[in-house]
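The structure under discussion appears below in the form of structure tokens.
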Amino acid sequence: MNNVFALIDCNNFYASCERIFNPKLENKPVVVLSNNDGCVIARSEEAKKLGIKMGQPYFEIKKMAQAGLVHVASSNFGLYGDLSQRVMTTLQYFTDEIEVYSIDEAFLDLSQIKKSDLTAYGQEIRKTIKQWTGIPVSIGIGPTKTLAKAASKVGKKQKQFNGVVNFYNSSETDQLLNSIEVDDIWGVGRQYGRMLKGFGVKTAGDFKNLKPAWVQKKMTKAGLLTWRELNGESLIEQSSGLEKPKSISSSRSFRQPVKSQKELEALIASYTARTAEKLRGDEMLAGEITVYIMTNRFDRENFYANSAKIKLPSPTSYSPDLIFWSQKALSKIYLEGLSYKKAGVYLSGLSNKNCIQSNIFIDEKRDNKKERLMRCLDHLNCRFGNNTIRSAAENFWGVSFLEQHFKSPNYTTWWSDLPKVKTG
DNA sequence: TCTGGGGTCCTAGGACCC
DNA sequence: TCTGGGGTCCTAGGACCC
């Protein structure tokens, strides 16, 4: 049977989210900033036309913002996550065969739809999502995921398609592939893009016509996979969504540099607590913990970055134990007198909670007690908001390290803005 | 002055063994 | 002590994704 994939891709997702509850922003340039209002992570079409780049630091566009030429929003991931769920729920109205690929993208398996109806079906999906959620989307349809992705790129750029491009058996496909820049292909990033352009391979069409042996040699296995997919061979299947993560991390850049070990310890403890919470949410245990710290990476001369990995004596998801080891790791790499700009915690060697080999040295009673304690903590933090209960080692200044000057209200989860319940 | 966060996979090369 | 080849395992780093 023939595969039919559709990629649903929300247009400029974060910027579109900001618009939904602030209609004055319609047709105006909008950008969304990263944590600490550091740099641009989303732009509306109008903002792109102003020449604002992805990843551009805020200070470079500050003048424009202050002159009212562009609306600036701090990131509000609570809002975006909630609107994402609404989009995904809407998709379920059309099919159960959904793979949520990222916060703003989903692959649908439409092999059950009659080939001649695909484009109309796509239009119906697009219209419904806009009506029900307010989010504009582009839809690409094709016999492989890579082609569906490419089709959605065309849909974003060429307005005559009204947001839905169908590569399935389309006679125009090759011509449209020639309109896609080579580094806009899914699987071809900056490095390979530069390399390919150096060889005169400028568009997706050029790439598709390369010799596979050459692609394999220059771009190894992954590059060849992309080439085969672009040539119509479906190799990347729908994923079930039941896969467990292989690693979990938490990190932050600081607006103000951090010098003291005490402060770093507190920050590392809170990142560790966050990773541990995610870990328990996935019903997993960690076998290794890595802590890393770094100074300002744009100051090349004085740049210091280091990390320390510790193999845990036995796999665990117990926050206090993980925090204990995180502090040990930090003490191995901390250097006095430096101004740190970023720190993070990385859990790896993950295993399923229920299929861990029992270890004769583990006291089972004590372990059950730890598990109950963590369940209780997770429950309270879920019920009353994050950080209601936390380890004394964690950063008790809370979010004071975060600067967000332009944050929109949590329109859809307003209760998360209510005052927190005081606990002792 | 001010530059995001969270992931996956692949490969080259070193360590070690026979 | 030196020489040589082949195999496996591990890890750091680099590519990619959103």
**Message:** Applying ring pair (Phe, Tyr, Trp, His ring centres under 6.0 Å) to A:Phe107 and A:Trp186, what does each step give before you reach the verdict?
**Reply:** CA-CA 14 Å; A:Phe107 284 104; A:Trp186 192 38; 5.6 Å; yes

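- Sorted by first and then second residue, the pairs that involve residues 124-146 of chain A and meet salt bridge (Lys or Arg N to Asp or Glu O under 4.0 Å), not counting sequence neighbours, are A:Glu99-A:Lys145.
- Across all strands, A:Ile185 comes closer than 4.0 Å only to sugar-phosphate atoms, never to a base (heavy-atom distances).
- Comparing A:Lys342 and A:Ser247 by the nucleotide of DNA chain B that holds the closest heavy atom to each, the one mapping nearer the 5' end is A:Lys342.
- At a threshold of 4.0 angstrom between heavy atoms, the contacts of A:Tyr58 with the nucleic acid are absent.
- Nucleic acid contact class of A:Glu60 (heavy atoms, under 4.0 Å, all strands): none.
- The existence of a salt bridge linking A:Glu181 and A:Lys153 is excluded, since no basic side-chain nitrogen approaches an acidic carboxylate oxygen closer than 4.0 Å.
- In this structure A:Asp206 satisfies the salt bridge (charged side-chain N to carboxylate O under 4.0 Å, His left out) test with no other residue, sequence neighbours excluded.
- Evaluation of the salt bridge (Lys or Arg N to Asp or Glu O under 4.0 Å) test over residues 227-238 of chain A, restricted to residues two or more places apart or in two chains, returns A:Arg228-A:Glu233.
- When heavy atoms are screened at a 4.0 angstrom cut-off, A:Lys53 is found touching no nucleic acid atom at all.
- Heavy-atom nearest nucleotides on DNA chain B were determined for A:Lys221 and for A:Ile41, and the one closer to the 5' end corresponds to A:Ile41.
- In the 5' to 3' direction, nucleotides of DNA chain B lying under 4.0 Å from heavy atoms of chain A begin and end at B:dC2 to B:dT11.
- Residue A:Ser75 is out of contact with every strand shown, counting any heavy-atom pair closer than 4.0 Å.
- At a threshold of 4.0 Å, the pair A:Lys159-A:Glu45 does not count as salt-bridged, since none of the basic side-chain nitrogens sits closer than that to a carboxylate oxygen.
- Between the side chain of A:Arg194 and the main chain of A:Asp183, no donor-acceptor pair closer than 3.5 Å is present.
- When heavy atoms are screened at a 4.0 angstrom cut-off, A:Asn296 is found touching no nucleic acid atom at all.
- Using a 4.0 Å heavy-atom criterion, one finds that A:Leu33 contacts no nucleic acid atom at all.
- Taking atom P in both B:dT3 and C:dC18, the straight-line distance is 25 Å, to the nearest Å.
- Here A:Lys149 lies in heavy-atom contact (under 4.0 Å) with sugar-phosphate atoms only.
- Consecutive Watson-Crick or G-U pairs involving DNA chain C, each under 3.5 Å on both distances, make up stems of three or more pairs at B:5-18 with C:5-18.
- Aromatic rings from A:Tyr14 and A:Phe77 are positioned such that their centres are separated by under 6.0 Å.
- Among residues at least two apart or in separate chains, ring-ring contact (aromatic ring centres under 6.0 Å, His included) pairs with a member in residues 19-58 of chain A are A:Phe21-A:Tyr411, A:Tyr58-A:Phe406.
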